[in-house]
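First the structure, in the form of structure tokens, and then the observations on it.
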Amino acid sequence: MYFYAAFAILLAISARHFVRGVVAWTAVVLAGACLLGPFDNGSPPVSRLVFHPLTFEFIAGAMIASPSPAAVSWLYYANRLYELPLGVVAIAITSVLVRTIAASVRSGEPTQIAAAQSRGFEIALALALPAAIAFAVLAEPIARGLFERGAFGVRDTAAVAAALAAICAGLPGHALEKVLGAVSFAREDTRTPMLAALAGLAAAIAGAMVLFPRHGAVGIAAAIAISGWVGASLLGVTLARRGWLALDGAGPRRLPRIVLAAVVMGIVIFALNALLAATLAGSGSQLVRFGALMLLVAVGLAAYLGGLQLLGVARLRNLIGAVREGT
């Protein structure tokens, strides 16, 4: 029965994406764009708007987990949290990086191409890595503060936290895959990212089938995480062999500093979380738990931005100015 329910959900979500794709395609045609010609405006191709591999990875995982309704629910909660930072990365890449990388490719200047790609990798890593580390360190406080109430008990909190900690390992991989996809789109190649995404989907399905019987929802979450690195690795190797990838002089210096700032942030929130857990032990107030979670988020964000400032990766005044310009 659960299999048929999951299959019905798959059909419903697939139909939703198909209808959304038809609407997007129709809108572009009415706007007078040529879907089969070069992407002169640097916008992402419509095929990218239709296909969302992570959605199908989750659906496939849910179908595999369908013998255990609780596992499907735990996976759903973890996936909802996972898609939040990934959505932020996708917006940044779609709205800014695709156009910038495409413009650099049209210019034909190797220095501009390398600079645009370097900034793309830096932005993706700077957004995805700290989110992944924060999810791993604060998986239990996040699940408890956001979901633990009513029928959602302590056992559910532990299960969602474990799934979130497993799936977040794939966040940098999925983010890098999006940047690599933008590089490929700039070269008017939509086939390679699609094949890489399908390979990641196959890896997620195979991994979920192997890991679910022993590890449950955590195994499926780990399979989804692995799929992100499979897709990014295949796409990265393919583009590198074609000579389409390049970094400027600042890239190799800034990327390790971003990693260092994220690691320092992880250490800070780990220590603070341990302190709060000891201080607030026995407190069952939902308001207190949520307040502690907000404190952890605020301190982690301050530590990360401070690390970027001290390491010379980004200046706070420039970040504030960029936010003001965006609003």
Side-chain angles (χ1 to χ4, degrees), residues 1-14 16-17 52-87 128 131-175 177 197 199-232 266 270 273 277 289 293:
M1 180 180 66
Y2 297 123
F3 173 81
Y4 292 111
F7 185 72
I9 294 174
L10 171 62
L11 290 179
I13 296 179
S14 300
R16 183 193 71 175
H17 283 287
H52 300 267
L54 185 59
T55 300
F56 291 97
E57 290 170 7
F58 169 73
I59 295 172
M63 294 181 67
I64 294 171
S66 59
S68 172
V72 175
S73 299
W74 297 332
L75 191 62
Y76 173 82
Y77 283 113
N79 187 69
R80 291 296 91 184
L81 292 170
Y82 182 78
E83 287 187 344
L84 176 61
L86 190 61
I133 292 176
F135 276 157
V137 174
L138 304 178
E140 187 171 347
I142 290 173
R144 182 184 300 113
L146 295 180
F147 305 129
E148 190 175 304
R149 67 183 64 88
F152 195 104
V154 176
R155 176 172 174 264
D156 300 304
T157 296
V160 171
L164 179 60
I167 198 174
C168 71
L171 186 55
H174 278 117
E177 186 179 10
L201 176 60
I205 294 173
M209 294 179 66
V210 171
L211 296 174
F212 176 70
R214 180 180 294 270
H215 302 286
V218 177
I220 295 179
I224 294 176
I226 292 171
S227 71
W229 290 105
V230 169
F270 177 83
N273 183 42
R289 293 198 302 264
L293 177 60

- prompt: Taking all non-hydrogen atoms of both residues, which atom of I220 and which atom of G61 are closest, and how far apart?
  reply: CD1-O, 3.2 Å

query: Parallel, tilted or perpendicular for F147 and Y77, by the 30°/60° rule?
result: tilted

query: Which heavy atom in L171 sits nearest to a heavy atom in A128, and how many Å separate them?
result: CD2-O, 3.5 Å

message: Any heavy-atom pair between the side chains of F58 and E83 that's under 4.5 Å?
response: no

- line: One should read off an interatomic distance between E148 CD and R155 CZ, to the nearest 0.5 angstrom, of 13.5 Å

field: Heavy-atom pair with the smallest gap, counting every atom of A65 and A71
entry: CB-CB, 4.2 Å

- prompt: Atom CZ of F152 and atom OG1 of T157: how far apart are they, to the nearest 0.5 Å?
  reply: 4.5 Å

- prompt: Roughly how far apart are R144 CZ and L138 CG, rounded to 0.5 Å?
  reply: 11.0 Å

message: How close do C168 and F135 get, counting heavy atoms only, and between which atoms?
response: CB-CB, 3.7 Å

field: Heavy-atom pair of closest approach, residues A203 and S227
entry: CB-CA, 4.5 Å

- request: Measure the shortest side-chain to side-chain distance between I167 and L81 over non-hydrogen atoms and say whether it is less than 4.5 angstrom.
  value: no

- prompt: So, the side chain of W74 versus the backbone of A162: is there a donor-acceptor pair under 3.5 Å, distance only?
  reply: no

query: Atom CD1 in I59, atom CD1 in I64: separation rounded to 0.5 Å?
result: 12.0 Å

query: So with a 6.0 Å cut-off around CZ of R149, is the heavy-atom count from everything else above 12?
result: yes

query: Say you draw a straight line from CG of L211 to CD1 of I224; how long is it, rounded to the nearest 0.5 Å?
result: 11.0 Å

statement: Between A78 and A163 the two heavy atoms that sit nearest each other are CB-CB, 3.8 Å

